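Computed from heavy atoms alone, side chains included, the values below leave out hydrogens, waters and symmetry copies. Bear in mind that the values here come from a model prediction, so they are computed numbers and not experimental data. Order of appearance sets the numbers: ligands from 1, and atoms from 1 within every ligand. For reference, positions follow the sequence shown, starting with 1.
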Amino acid sequence: MIELTGLTKRYGEKVAVNQLTFAVRPGIVTGFLGPNGAGKSTTMRMILGLDHPTAGDVRIDGKHYDQLKDPMRYIGALLDAKAVHGGRSAYHHLLCLAQANGIPSRRVHEVLDTVGLTAVARKKAKGFSLGMGQRLGIAGALLGDPRILMFDEPVNGLDPEGIHWIRTLMKTLAAQGRTVFVSSHLMSEMALTADHLVVIGQGRLLADLSMADFIARNSRSCVRIRTPQRERLLDVLHGAGLTVVETGSGAFEVDAAKPERIGELAAQHQIVLHELSTQQASLEEAFMRLTAESVEYHAHSDSAAGQQWGDGWRKD
Ligand code: ADP
Ligand code: MG
(Lines give C-alpha, C1' and ligand atoms only; values in the text may rest on other atoms or scores of the structure.)
(Ligands and ions follow the chains in the order given, each with its own letter.)
Protein backbone atom coordinates (compact mmCIF):
# COMPACT_ATOMS: atom_id res chain seq x y z
CA MET A 1 0.00 0.00 0.00
CA ILE A 2 1.21 3.47 -0.92
CA GLU A 3 -0.47 6.35 0.87
CA LEU A 4 -0.17 9.99 -0.15
CA THR A 5 -1.49 12.72 2.12
CA GLY A 6 -1.59 16.29 0.90
CA LEU A 7 1.57 15.58 -1.11
CA THR A 8 2.87 18.80 -2.65
CA LYS A 9 5.97 19.75 -4.63
CA ARG A 10 6.92 23.25 -5.73
CA TYR A 11 9.76 24.17 -8.04
CA GLY A 12 10.04 27.91 -7.44
CA GLU A 13 6.72 29.36 -8.59
CA LYS A 14 5.66 26.15 -10.26
CA VAL A 15 3.44 23.81 -8.26
CA ALA A 16 4.25 20.47 -9.90
CA VAL A 17 2.25 18.37 -7.42
CA ASN A 18 -0.61 19.98 -5.56
CA GLN A 19 -2.02 18.41 -2.39
CA LEU A 20 -2.42 14.89 -3.68
CA THR A 21 -4.24 12.53 -1.32
CA PHE A 22 -4.93 8.98 -2.42
CA ALA A 23 -3.96 5.38 -1.70
CA VAL A 24 -2.63 2.68 -4.02
CA ARG A 25 -3.91 -0.72 -2.93
CA PRO A 26 -2.51 -4.22 -3.32
CA GLY A 27 -3.88 -6.90 -5.63
CA ILE A 28 -4.87 -4.59 -8.47
CA VAL A 29 -3.21 -2.48 -11.16
CA THR A 30 -3.69 1.21 -10.38
CA GLY A 31 -3.27 3.47 -13.39
CA PHE A 32 -1.83 6.94 -12.77
CA LEU A 33 -3.12 8.98 -15.65
CA GLY A 34 -2.50 12.57 -16.65
CA PRO A 35 -1.33 14.65 -19.61
CA ASN A 36 2.37 15.39 -20.00
CA GLY A 37 3.52 17.76 -17.27
CA ALA A 38 0.69 16.77 -14.92
CA GLY A 39 3.12 15.76 -12.17
CA LYS A 40 3.20 11.96 -12.45
CA SER A 41 6.99 11.51 -12.50
CA THR A 42 7.46 14.06 -9.70
CA THR A 43 4.94 12.16 -7.56
CA MET A 44 6.71 8.87 -8.24
CA ARG A 45 10.10 10.36 -7.38
CA MET A 46 8.70 11.56 -4.05
CA ILE A 47 7.29 8.08 -3.32
CA LEU A 48 10.84 6.74 -3.78
CA GLY A 49 12.40 9.46 -1.66
CA LEU A 50 14.32 10.84 -4.67
CA ASP A 51 12.61 14.20 -4.30
CA HIS A 52 11.51 15.84 -1.06
CA PRO A 53 7.92 17.03 -0.73
CA THR A 54 7.37 20.74 -0.14
CA ALA A 55 4.42 19.69 2.01
CA GLY A 56 2.46 16.57 2.82
CA ASP A 57 3.53 13.03 3.28
CA VAL A 58 3.93 9.75 1.45
CA ARG A 59 4.21 6.35 3.11
CA ILE A 60 4.93 2.84 1.90
CA ASP A 61 3.25 0.29 4.14
CA GLY A 62 3.17 2.98 6.82
CA LYS A 63 6.84 4.00 6.52
CA HIS A 64 8.79 6.65 4.67
CA TYR A 65 11.03 5.28 1.94
CA ASP A 66 14.22 6.04 3.89
CA GLN A 67 12.87 4.16 6.92
CA LEU A 68 12.60 0.92 4.94
CA LYS A 69 15.30 -1.54 5.96
CA ASP A 70 15.71 -3.25 2.60
CA PRO A 71 13.95 -0.87 0.22
CA MET A 72 14.35 -3.08 -2.88
CA ARG A 73 12.45 -5.84 -1.07
CA TYR A 74 9.54 -3.45 -0.42
CA ILE A 75 9.27 -1.48 -3.61
CA GLY A 76 10.72 -1.89 -7.09
CA ALA A 77 10.51 0.88 -9.64
CA LEU A 78 11.14 1.59 -13.30
CA LEU A 79 11.52 5.32 -13.58
CA ASP A 80 13.78 6.31 -16.46
CA ALA A 81 14.02 3.41 -18.85
CA LYS A 82 16.95 4.98 -20.71
CA ALA A 83 19.17 4.80 -17.62
CA VAL A 84 20.83 1.55 -18.64
CA HIS A 85 24.45 0.96 -17.65
CA GLY A 86 25.85 0.65 -21.14
CA GLY A 87 29.21 -0.99 -20.57
CA ARG A 88 27.97 -3.87 -18.43
CA SER A 89 26.18 -6.97 -19.55
CA ALA A 90 22.57 -7.39 -18.47
CA TYR A 91 23.72 -10.13 -16.10
CA HIS A 92 26.42 -7.99 -14.48
CA HIS A 93 24.19 -4.97 -14.18
CA LEU A 94 21.68 -7.05 -12.20
CA LEU A 95 24.37 -8.86 -10.23
CA CYS A 96 25.85 -5.53 -9.04
CA LEU A 97 22.38 -4.36 -8.02
CA ALA A 98 21.75 -7.61 -6.16
CA GLN A 99 25.09 -7.54 -4.33
CA ALA A 100 24.68 -3.90 -3.31
CA ASN A 101 21.29 -4.72 -1.83
CA GLY A 102 21.94 -8.04 -0.12
CA ILE A 103 19.85 -9.99 -2.61
CA PRO A 104 20.95 -13.58 -3.42
CA SER A 105 22.51 -13.90 -6.89
CA ARG A 106 20.10 -16.69 -7.90
CA ARG A 107 17.45 -13.95 -8.15
CA VAL A 108 19.41 -12.52 -11.09
CA HIS A 109 18.75 -15.68 -13.10
CA GLU A 110 15.12 -15.73 -12.03
CA VAL A 111 14.39 -12.16 -13.10
CA LEU A 112 16.32 -12.52 -16.37
CA ASP A 113 14.06 -15.45 -17.09
CA THR A 114 10.91 -13.54 -16.08
CA VAL A 115 11.68 -10.68 -18.47
CA GLY A 116 12.88 -12.96 -21.26
CA LEU A 117 16.50 -11.75 -21.40
CA THR A 118 18.27 -15.00 -20.50
CA ALA A 119 19.53 -15.54 -24.06
CA VAL A 120 21.18 -12.09 -24.19
CA ALA A 121 22.20 -11.90 -20.52
CA ARG A 122 25.94 -11.76 -21.33
CA LYS A 123 25.55 -9.10 -24.03
CA LYS A 124 26.43 -5.47 -23.29
CA ALA A 125 23.34 -3.46 -22.42
CA LYS A 126 24.37 -0.56 -24.63
CA GLY A 127 23.55 -2.69 -27.67
CA PHE A 128 20.02 -3.28 -26.40
CA SER A 129 16.93 -2.04 -28.19
CA LEU A 130 14.54 0.23 -26.30
CA GLY A 131 12.33 -2.77 -25.57
CA MET A 132 15.22 -4.84 -24.23
CA GLY A 133 16.41 -1.91 -22.11
CA GLN A 134 12.88 -1.64 -20.72
CA ARG A 135 12.91 -5.35 -19.87
CA LEU A 136 16.26 -4.93 -18.12
CA GLY A 137 14.88 -2.01 -16.10
CA ILE A 138 11.90 -4.13 -15.11
CA ALA A 139 14.22 -7.02 -14.16
CA GLY A 140 15.95 -4.60 -11.79
CA ALA A 141 12.62 -3.57 -10.27
CA LEU A 142 11.68 -7.23 -9.71
CA LEU A 143 15.05 -8.22 -8.24
CA GLY A 144 14.12 -7.80 -4.58
CA ASP A 145 10.81 -9.66 -5.11
CA PRO A 146 9.01 -6.55 -3.79
CA ARG A 147 5.34 -6.42 -2.82
CA ILE A 148 5.02 -2.99 -4.43
CA LEU A 149 5.94 -2.12 -8.03
CA MET A 150 5.91 1.22 -9.71
CA PHE A 151 6.38 1.86 -13.43
CA ASP A 152 6.62 5.33 -14.99
CA GLU A 153 5.27 5.29 -18.56
CA PRO A 154 6.65 1.79 -19.20
CA VAL A 155 5.15 1.38 -22.67
CA ASN A 156 6.55 4.59 -24.16
CA GLY A 157 8.31 3.86 -27.42
CA LEU A 158 7.70 0.12 -27.35
CA ASP A 159 6.44 -2.02 -30.21
CA PRO A 160 3.06 -3.78 -29.89
CA GLU A 161 4.68 -7.04 -28.74
CA GLY A 162 6.58 -5.21 -25.96
CA ILE A 163 3.46 -3.31 -24.93
CA HIS A 164 1.47 -6.53 -24.73
CA TRP A 165 4.20 -8.16 -22.67
CA ILE A 166 4.34 -5.32 -20.12
CA ARG A 167 0.57 -5.25 -19.83
CA THR A 168 0.45 -8.98 -19.12
CA LEU A 169 3.31 -8.73 -16.62
CA MET A 170 1.56 -5.97 -14.65
CA LYS A 171 -1.66 -7.97 -14.44
CA THR A 172 0.27 -11.06 -13.34
CA LEU A 173 2.08 -9.11 -10.62
CA ALA A 174 -1.22 -7.71 -9.34
CA ALA A 175 -2.83 -11.16 -9.42
CA GLN A 176 0.00 -12.32 -7.12
CA GLY A 177 -1.33 -9.81 -4.60
CA ARG A 178 1.25 -7.10 -5.23
CA THR A 179 0.60 -3.38 -5.40
CA VAL A 180 1.13 -2.21 -8.99
CA PHE A 181 1.21 1.53 -9.74
CA VAL A 182 1.74 2.48 -13.37
CA SER A 183 1.67 5.87 -15.04
CA SER A 184 0.60 6.79 -18.56
CA HIS A 185 -0.61 9.78 -20.51
CA LEU A 186 -2.80 7.50 -22.66
CA MET A 187 -6.30 6.59 -21.60
CA SER A 188 -6.41 3.83 -24.20
CA GLU A 189 -3.45 2.14 -22.52
CA MET A 190 -4.97 2.41 -19.03
CA ALA A 191 -8.31 1.06 -20.25
CA LEU A 192 -6.58 -2.21 -21.16
CA THR A 193 -4.40 -2.50 -18.06
CA ALA A 194 -5.75 -0.76 -14.99
CA ASP A 195 -8.38 -1.93 -12.51
CA HIS A 196 -8.35 1.42 -10.75
CA LEU A 197 -7.65 4.92 -12.02
CA VAL A 198 -6.08 7.95 -10.40
CA VAL A 199 -6.25 10.92 -12.77
CA ILE A 200 -4.29 14.13 -12.21
CA GLY A 201 -4.06 17.40 -14.13
CA GLN A 202 -1.74 20.28 -13.28
CA GLY A 203 -0.63 18.45 -10.15
CA ARG A 204 -4.14 18.09 -8.77
CA LEU A 205 -6.30 15.05 -8.19
CA LEU A 206 -9.14 14.95 -10.71
CA ALA A 207 -10.43 11.42 -10.27
CA ASP A 208 -9.90 8.39 -8.06
CA LEU A 209 -12.25 5.60 -9.07
CA SER A 210 -12.43 2.08 -10.41
CA MET A 211 -11.95 1.55 -14.13
CA ALA A 212 -15.41 -0.07 -14.21
CA ASP A 213 -16.95 3.12 -12.76
CA PHE A 214 -15.03 5.29 -15.18
CA ILE A 215 -16.33 3.21 -18.10
CA ALA A 216 -19.89 3.14 -16.75
CA ARG A 217 -19.93 6.92 -16.39
CA ASN A 218 -18.44 7.57 -19.79
CA SER A 219 -19.76 4.84 -22.01
CA ARG A 220 -22.71 6.83 -23.31
CA SER A 221 -23.66 5.07 -26.48
CA CYS A 222 -25.80 6.15 -29.41
CA VAL A 223 -27.13 4.58 -32.58
CA ARG A 224 -25.78 5.71 -35.94
CA ILE A 225 -28.03 5.49 -38.97
CA ARG A 226 -27.69 6.24 -42.68
CA THR A 227 -30.59 6.11 -45.07
CA PRO A 228 -31.42 7.34 -48.60
CA GLN A 229 -34.87 8.35 -47.22
CA ARG A 230 -33.75 11.04 -44.81
CA GLU A 231 -36.97 13.04 -44.47
CA ARG A 232 -39.18 10.00 -43.93
CA LEU A 233 -36.87 8.51 -41.33
CA LEU A 234 -36.57 11.81 -39.49
CA ASP A 235 -40.37 12.09 -39.33
CA VAL A 236 -40.68 8.54 -38.01
CA LEU A 237 -37.96 9.01 -35.37
CA HIS A 238 -39.36 12.34 -34.22
CA GLY A 239 -42.82 10.79 -34.16
CA ALA A 240 -41.47 8.09 -31.84
CA GLY A 241 -40.17 10.81 -29.48
CA LEU A 242 -36.48 10.18 -30.18
CA THR A 243 -33.79 12.86 -30.17
CA VAL A 244 -31.90 12.87 -33.46
CA VAL A 245 -28.61 14.63 -34.21
CA GLU A 246 -27.32 15.04 -37.76
CA THR A 247 -23.60 14.33 -37.90
CA GLY A 248 -22.83 16.14 -41.13
CA SER A 249 -21.66 13.13 -43.13
CA GLY A 250 -25.20 12.28 -44.18
CA ALA A 251 -25.72 10.19 -41.06
CA PHE A 252 -27.89 10.61 -37.97
CA GLU A 253 -27.17 9.73 -34.38
CA VAL A 254 -29.93 8.83 -31.95
CA ASP A 255 -29.32 8.98 -28.21
CA ALA A 256 -30.86 6.64 -25.67
CA ALA A 257 -32.23 4.16 -28.18
CA LYS A 258 -31.52 0.55 -29.06
CA PRO A 259 -30.66 -0.35 -32.67
CA GLU A 260 -33.41 -3.02 -32.55
CA ARG A 261 -36.07 -0.37 -31.95
CA ILE A 262 -34.85 1.81 -34.80
CA GLY A 263 -34.55 -1.15 -37.15
CA GLU A 264 -38.12 -2.18 -36.35
CA LEU A 265 -39.44 1.37 -36.80
CA ALA A 266 -37.72 1.58 -40.18
CA ALA A 267 -39.14 -1.79 -41.25
CA GLN A 268 -42.68 -0.81 -40.19
CA HIS A 269 -42.46 2.24 -42.42
CA GLN A 270 -40.59 0.45 -45.20
CA ILE A 271 -37.59 2.74 -44.95
CA VAL A 272 -34.32 1.46 -46.41
CA LEU A 273 -31.30 1.68 -44.06
CA HIS A 274 -27.72 1.72 -45.32
CA GLU A 275 -26.24 1.70 -41.84
CA LEU A 276 -27.47 0.86 -38.35
CA SER A 277 -24.71 0.67 -35.74
CA THR A 278 -24.05 1.31 -32.07
CA GLN A 279 -21.41 3.95 -31.36
CA GLN A 280 -19.50 3.95 -28.08
CA ALA A 281 -18.21 7.28 -26.75
CA SER A 282 -14.44 6.89 -26.45
CA LEU A 283 -12.78 6.84 -23.06
CA GLU A 284 -10.02 8.97 -24.57
CA GLU A 285 -12.61 11.71 -25.12
CA ALA A 286 -13.79 11.40 -21.53
CA PHE A 287 -10.22 11.73 -20.28
CA MET A 288 -9.61 14.78 -22.50
CA ARG A 289 -12.78 16.40 -21.18
CA LEU A 290 -11.75 15.70 -17.61
CA THR A 291 -8.24 17.10 -17.96
CA ALA A 292 -9.23 20.00 -20.25
CA GLU A 293 -11.58 21.19 -17.55
CA SER A 294 -8.74 21.00 -15.04
CA VAL A 295 -6.84 23.50 -17.17
CA GLU A 296 -9.87 25.76 -17.35
CA TYR A 297 -10.40 25.40 -13.66
CA HIS A 298 -6.86 26.63 -13.05
CA ALA A 299 -7.84 29.98 -14.50
CA HIS A 300 -10.83 30.25 -12.19
CA SER A 301 -11.23 30.20 -8.44
CA ASP A 302 -10.49 27.27 -6.15
CA SER A 303 -13.98 27.18 -4.68
CA ALA A 304 -15.64 26.75 -8.06
CA ALA A 305 -13.36 23.81 -8.77
CA GLY A 306 -14.07 22.32 -5.38
CA GLN A 307 -17.74 22.20 -6.28
CA GLN A 308 -17.09 20.98 -9.76
CA TRP A 309 -15.00 18.02 -8.72
CA GLY A 310 -16.67 17.69 -5.31
CA ASP A 311 -17.85 14.11 -5.27
CA GLY A 312 -18.49 13.04 -8.83
CA TRP A 313 -15.07 11.76 -9.73
CA ARG A 314 -13.37 11.16 -6.42
CA LYS A 315 -14.85 7.85 -5.54
CA ASP A 316 -13.14 4.64 -4.52
P1 ADP B 1 4.61 14.21 -15.89
O2 ADP B 1 5.50 13.10 -15.44
O3 ADP B 1 3.17 14.02 -15.51
O4 ADP B 1 4.74 14.48 -17.35
P5 ADP B 1 6.38 15.85 -14.30
O6 ADP B 1 6.25 15.33 -12.92
O7 ADP B 1 7.59 15.42 -15.07
O8 ADP B 1 5.04 15.54 -15.12
O9 ADP B 1 6.38 17.44 -14.28
C10 ADP B 1 5.37 18.21 -13.63
C11 ADP B 1 5.71 19.67 -13.77
O12 ADP B 1 6.82 19.99 -12.95
C13 ADP B 1 6.06 20.09 -15.18
O14 ADP B 1 5.56 21.36 -15.41
C15 ADP B 1 7.57 20.11 -15.15
O16 ADP B 1 8.07 21.03 -16.07
C17 ADP B 1 7.87 20.54 -13.72
N18 ADP B 1 9.13 19.98 -13.21
C19 ADP B 1 9.43 18.68 -13.05
N20 ADP B 1 10.66 18.52 -12.54
C21 ADP B 1 11.18 19.76 -12.38
C22 ADP B 1 12.43 20.28 -11.88
N23 ADP B 1 13.40 19.47 -11.46
N24 ADP B 1 12.57 21.61 -11.88
C25 ADP B 1 11.59 22.44 -12.28
N26 ADP B 1 10.39 22.02 -12.75
C27 ADP B 1 10.19 20.71 -12.81
MG1 MG C 1 6.69 11.82 -16.55
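- For atom 6 (O) of ligand 1, the closest non-hydrogen atom of the protein is Thr42 OG1, 2.5 Å.
- For the residue pair Gln176/Arg178, the side-chain donor-acceptor check at 3.5 Å is satisfied.
- Residue contact check: Asn36 has heavy atoms under 4.0 Å from atoms 4 (O) of ligand 1.
- The nearest heavy-atom contact from the protein to atom 7 (O) of ligand 1 is Ser41 CB, 3.8 Å.
- Proximity of a side-chain donor or acceptor of Gln229 to a complementary backbone N or O of Val272 within less than 3.5 Å is detected.
- In terms of protein heavy-atom proximity, atom 26 (N) of ligand 1 is nearest to Tyr11 CD1, 3.3 Å.
- The local environment of OH in Tyr65 is crowded, with over 12 non-hydrogen atoms from other residues, nucleotides or ligands closer than 6.0 Å.
- Gly39 counts as a contact of ligand 1, since one of its heavy atoms falls under 4.0 Å from the ligand.
- Looking at Leu142 and Glu110, their side chains never come closer than 4.5 Å, going by heavy atoms from C-beta outward.
- Members clustered with Leu234: Val223, Ile225, Leu233, Val236, Leu237, Leu242, Val244, Phe252, Val254, Ile262, Leu265, Ile271, Leu273, Leu276, by chain and number, using a 4.5 Å side-chain heavy-atom cutoff among hydrophobic residues.
- Residues satisfying the side chain to side chain contact (heavy atoms under 4.5 Å, CB included) criterion with Ala121, sequence neighbours excluded, are Tyr91, Leu112.
- Within 6.0 Å of atom NE2 in His238, more than 12 heavy atoms from other residues, nucleotides or ligands are found, so the atom counts as buried in its surroundings.
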Where do Asp152 and Ser183 land on the side-chain hydrogen bond (donor to acceptor under 3.5 Å, both in side chains) test, with the steps shown first? CA-CA 5 Å; Asp152 194 6; Ser183 76; 2.5 Å; yes

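- Excluding waters, the set of protein N, O or S atoms lying under 2.8 Å from the Mg ion (ligand 2) comprises Ser41 OG.
- Ranking protein heavy atoms by distance to atom 12 (O) of ligand 1, first place goes to Ala16 CB, 3.2 Å.
- Within the structure, no pair that satisfies the side chain to side chain donor-acceptor pair (under 3.5 Å) test touches residues 263-274, not counting sequence neighbours.
- Short contacts between ligand 1 and Arg45, defined as distances under 4.0 Å to a heavy atom of the residue, involve ligand atoms 20 (N).
- Remark: atom 16 (O) of ligand 1 lies closer than 4.0 Å to no protein heavy atom.
- Interface of Lys14 with ligand 1, defined as ligand atoms under 4.0 Å from a residue heavy atom, comprises 11 (C), 14 (O).
- Ile163 and Phe128 fall within a single hydrophobic cluster, where Ile, Leu, Val, Met, Phe, Trp and Tyr side chains are chained together by heavy-atom contacts under 4.5 Å.
- Side-chain contact annotation: Thr21 with Gln19, donor-acceptor N/O pair under 3.5 Å absent.
- Cluster annotation: Val58 is connected to Leu68 through the hydrophobic network of ILVMFWY side chains, with a link wherever side-chain heavy atoms come within less than 4.5 Å.
- Judged by the shortest distance from any of its heavy atoms, Lys9 lies outside the 4.0 Å radius around the atoms of ligand 1.
- Between Thr43 and ligand 1, a contact under 3.5 Å exists for no N or O pair.
- Among protein heavy atoms, atom 4 (O) of ligand 1 sits closest to Gly37 N, 2.7 Å.
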